[in-house]
Amino acid sequence: MSRKLWRKRIHFLDDWSLRSKLYILFIFCVLIPVLATNVVFYQSIKGHMEEKERSRISEMQQRIRFNLRNSLDNSLYVSNFLYTDVTLNRFMESRYRNPEDYYFAYYDMLSNNNLVRYYYSYQQVNKVTFYVGNETFVNGGNFIKLDDEVRKSEWYQALMNSSDNIMIYSYFDKQQAEMSQSQGGRKVSIIRKLDYFGEQRVEKVLKVDLDYGFINKSFKNEGTNGKIYVVSDDRVIFSNDTQMNQTRQPFNLISNIPMGTVQSRESIPVVSEKWQIIVSAEKLDFLSEVMDSRRIVTLLIILNLLVPTLLIWLISRSLVHRISRIAKHLDQVKQEKFEVISEPAGKDEIGSLTHSYNMMVIKIKNLIEIVFKGQVERQTLELSKKQAELKALQSQVNPHFMFNTLETIRMRSLIKNELETSDIIQKLALLLRQTINWGNDLITIQEEIRFVESYLNIQQYRFGDKLKFIIQVADSSMLAMMIPKLTILTFVENACIHGIEGTSNDGVVEVLFEIQGDFLHMTIRDTGVGMDEDKLFLLRNMMLDPSMDRMNELSSIGIMNAYIRLRMYFNDCVQVNIWSEKKKGTTITIQIPLSQVSQG
């Protein structure tokens, strides 16, 4: 056979569709070998593996059922013992003249009662608590007065809404989760009304808290490749899944958990309700069983490789050669060399791809021009968006300051019934004219200082001798530098409203302008109430990624408003630092490169 004829027979695959080639690969290289292997081994290992899995799950269910039943029965035993205790009932219904009589009766009851012995004799019981509607009781030990706070609790409401006098209830105690890292906040409790002795003179409720950690540990120790869930209603009470055992987090909902293959689902009665034991296991591992028959596997592998190898070689040659050719021309496109593929392309999908590439090369120069034009339009849209955001920020300044000041002057005038407010109103008018008529948003530092002085004079009128202020400019040449209007005033307003107003002591507001190296430094300092660590952390975190959308997360938007405006005008080169200490005050420093600051 000649070389030319051989090439012709090989190239006949180039005219086949890619889908047809993939079908050939699938049938001869995947489907037939897999079916042949499964027919030989499937029947021999399926029964054995399924029986082994059923036995394993059955034994695991018996252990879970026994451990769970044992824990609940022991806790119920403690509950039943205390429910019928005469001495305990008499102690809770007695009235006591003073705390001393109560303590004598309390210790007498403990010395003649088996309460402590039964409480500590079972590891499954974590805590026993009596809630007694007796006003002469003193909270302490296992006895708590049944007050309004207890009656509002989740577990108490559940008991009152139940038709039974005993129930088992699972809930999350957020307060305990915050106080105890070891125990967490998850609780499973047996709760019952203490009405064994007929009519009650006082309301009594017994709550036996199961040792959640001890019971949950038995589930963690289950050696299984699946997941175990004990479910009450929709809540996962116990599980061997480590992600479900975060005791400092509320109970997970089974409806929110993606379930695998459910191997078993069983209901068990628990006091006044039914719990479900759900076992979700992975698919059976047949591979380990198959590998036991190595001789047969080796023979099948050899047979399965001969035919697929030849087919894969022929098809891959048809694909790789032409794809490599397209890749070579695409590399030339990276170097801005656009050449048409002139060799035969074939009639399959790769041939269509080659024709598409040739059309792309012809049109690409026209597309470049279109892309450049689109980039210019996008930049124009981004600029419009920035301008819209700036206008929105400007509009937020007016009501924020104006309403606070007018309310202050109105209240002072009504109280004193005098005309001395005329000077203050004159200063206020200056500020209002500037906030309503923005004009050019950039003003000189000297003009900004004039606004700040007017505002602080108004606040002095409001606070009297309680407020003092200092404004210092280190170098007179700084007065002509341009900054966004009312930005420093916003920080000063924040110092007065949120700092000085909240303290009963005299306060000082200090504003300092100075040049340090290549930077303009502006400092606003007050001796007010300061900020707690949580609020300071939130404010600093928002300054790392400032945006108008996030401003609603703060109770006061003034600082973030001013900060975003400064960033817009000075190309994100502004650095604002905030230090604050509770009851000592707050200091804010603004640092702007001198290269970004223009002269008025």
Side-chain angles (χ1 to χ4, degrees), residues 67-94 106 109-110 113-135 137 139-173 175-176 183 185-212 214-215 230-233 235 237-238 251 267-275:
N67 293 335
L68 194 59
R69 189 78 266 171
N70 183 57
S71 299
L72 293 172
D73 288 346
N74 288 338
S75 301
L76 280 170
Y77 183 77
V78 173
S79 173
N80 292 334
F81 172 79
L82 300 175
Y83 179 66
T84 58
D85 192 286
V86 178
T87 304
L88 189 60
N89 184 71
R90 188 185 311 115
F91 167 73
M92 290 187 289
E93 292 201 345
S94 298
Y106 177 76
M109 182 271 299
L110 289 181
N113 195 282
N114 291 322
L115 168 67
V116 177
R117 178 170 64 84
Y118 279 98
Y119 174 21
Y120 287 105
S121 60
Y122 297 99
Q123 289 181 319
Q124 294 86 348
V125 176
N126 180 52
K127 186 177 181 181
V128 173
T129 308
F130 298 89
Y131 295 89
V132 186
N134 189 337
E135 293 299 327
F137 261 50
N139 288 338
N142 301 92
F143 297 90
I144 303 295
K145 280 197 290 188
L146 190 56
D147 54 15
D148 291 339
E149 184 177 354
V150 175
R151 288 188 173 93
K152 292 177 182 178
S153 62
E154 178 183 347
W155 61 265
Y156 181 85
Q157 292 294 326
L159 178 63
M160 293 300 103
N161 295 330
S162 174
S163 58
D164 301 319
N165 72 333
I166 182 173
M167 65 182 298
I168 187 165
Y169 191 71
S170 55
Y171 64 100
F172 180 74
D173 190 335
Q175 183 178 5
Q176 178 174 308
Q183 293 186 5
R186 295 184 179 182
K187 285 192 175 184
V188 179
S189 305
I190 296 175
I191 310 170
R192 70 188 310 165
K193 303 174 184 177
L194 295 178
D195 55 0
Y196 178 76
F197 296 97
E199 183 178 356
Q200 304 180 72
R201 287 187 292 176
V202 295
E203 183 181 1
K204 304 181 291 295
V205 176
L206 170 63
K207 187 160 76 76
V208 179
D209 295 333
L210 280 67
D211 192 334
Y212 184 86
F214 178 84
I215 299 174
V230 176
V231 181
S232 173
D233 291 335
R235 287 175 290 192
I237 308 301
F238 303 105
F251 290 103
S267 297
I268 60 172
V270 178
V271 188
S272 60
E273 58 181 82
K274 286 188 177 182
W275 286 0

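We use all heavy atoms of the structure for the numbers below, so side chains are in, but hydrogens, waters and symmetry mates are not. Predicted model only: the values in this text are computed from it and were never measured.
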Indicate the atoms forming the closest heavy-atom contact of [X] with [Y], along with that distance.
X: R235; Y: S170; result: NH1-O, 2.6 Å
X: D233; Y: V231; result: O-CG1, 3.2 Å
X: L159; Y: N165; result: CD1-O, 4.3 Å
X: K127; Y: T129; result: CE-OG1, 3.5 Å
X: F197; Y: T84; result: CZ-O, 3.6 Å
X: V125; Y: S75; result: CG2-OG, 3.8 Å

Look at R151 together with E203 and state whether they make a salt bridge at an N to O cut-off of under 4.0 Å. yes
Do [X] and [Y] touch side chain to side chain, with heavy atoms closer than 4.5 Å?
X: S189; Y: Y169; result: no
X: V78; Y: I190; result: no
X: Y196; Y: N89; result: no
X: K187; Y: K207; result: yes
X: V188; Y: I168; result: yes
X: M92; Y: N134; result: no
X: I166; Y: Y83; result: no

Output yes when a side-chain donor or acceptor of [X] lies under 3.5 Å from a complementary backbone atom of [Y], and no otherwise.
X: D85; Y: T87; answer: yes
X: S94; Y: R90; answer: yes
X: D209; Y: N126; answer: no

In Å, rounded to the nearest 0.5 Å, how long is the span from [atom1] of [X] to [atom2] of [Y]?
X: M167; Y: N161; atom1: CE; atom2: CG; result: 9.0 Å
X: D173; Y: Y212; atom1: CG; atom2: OH; result: 13.5 Å
X: I215; Y: L72; atom1: CD1; atom2: CG; result: 6.5 Å
X: Q157; Y: K152; atom1: CD; atom2: NZ; result: 10.0 Å
X: R192; Y: D164; atom1: CZ; atom2: CG; result: 11.0 Å
X: M160; Y: S153; atom1: CE; atom2: OG; result: 9.5 Å

Can the ring centroids of F251 and Y171 be said to lie less than 6.0 angstrom from one another?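 Between F251 and Y171, the centre distance exceeds or equals 6.0 Å.
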Are the aromatic rings of F91 and F137 close, with centres under 6.0 Å apart?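 Yes: the rings meet the under 6.0 Å criterion.
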So which of W155, F143, Y156 actually passes ring pair (Phe, Tyr, Trp, His ring centres under 6.0 Å) with Y131? W155
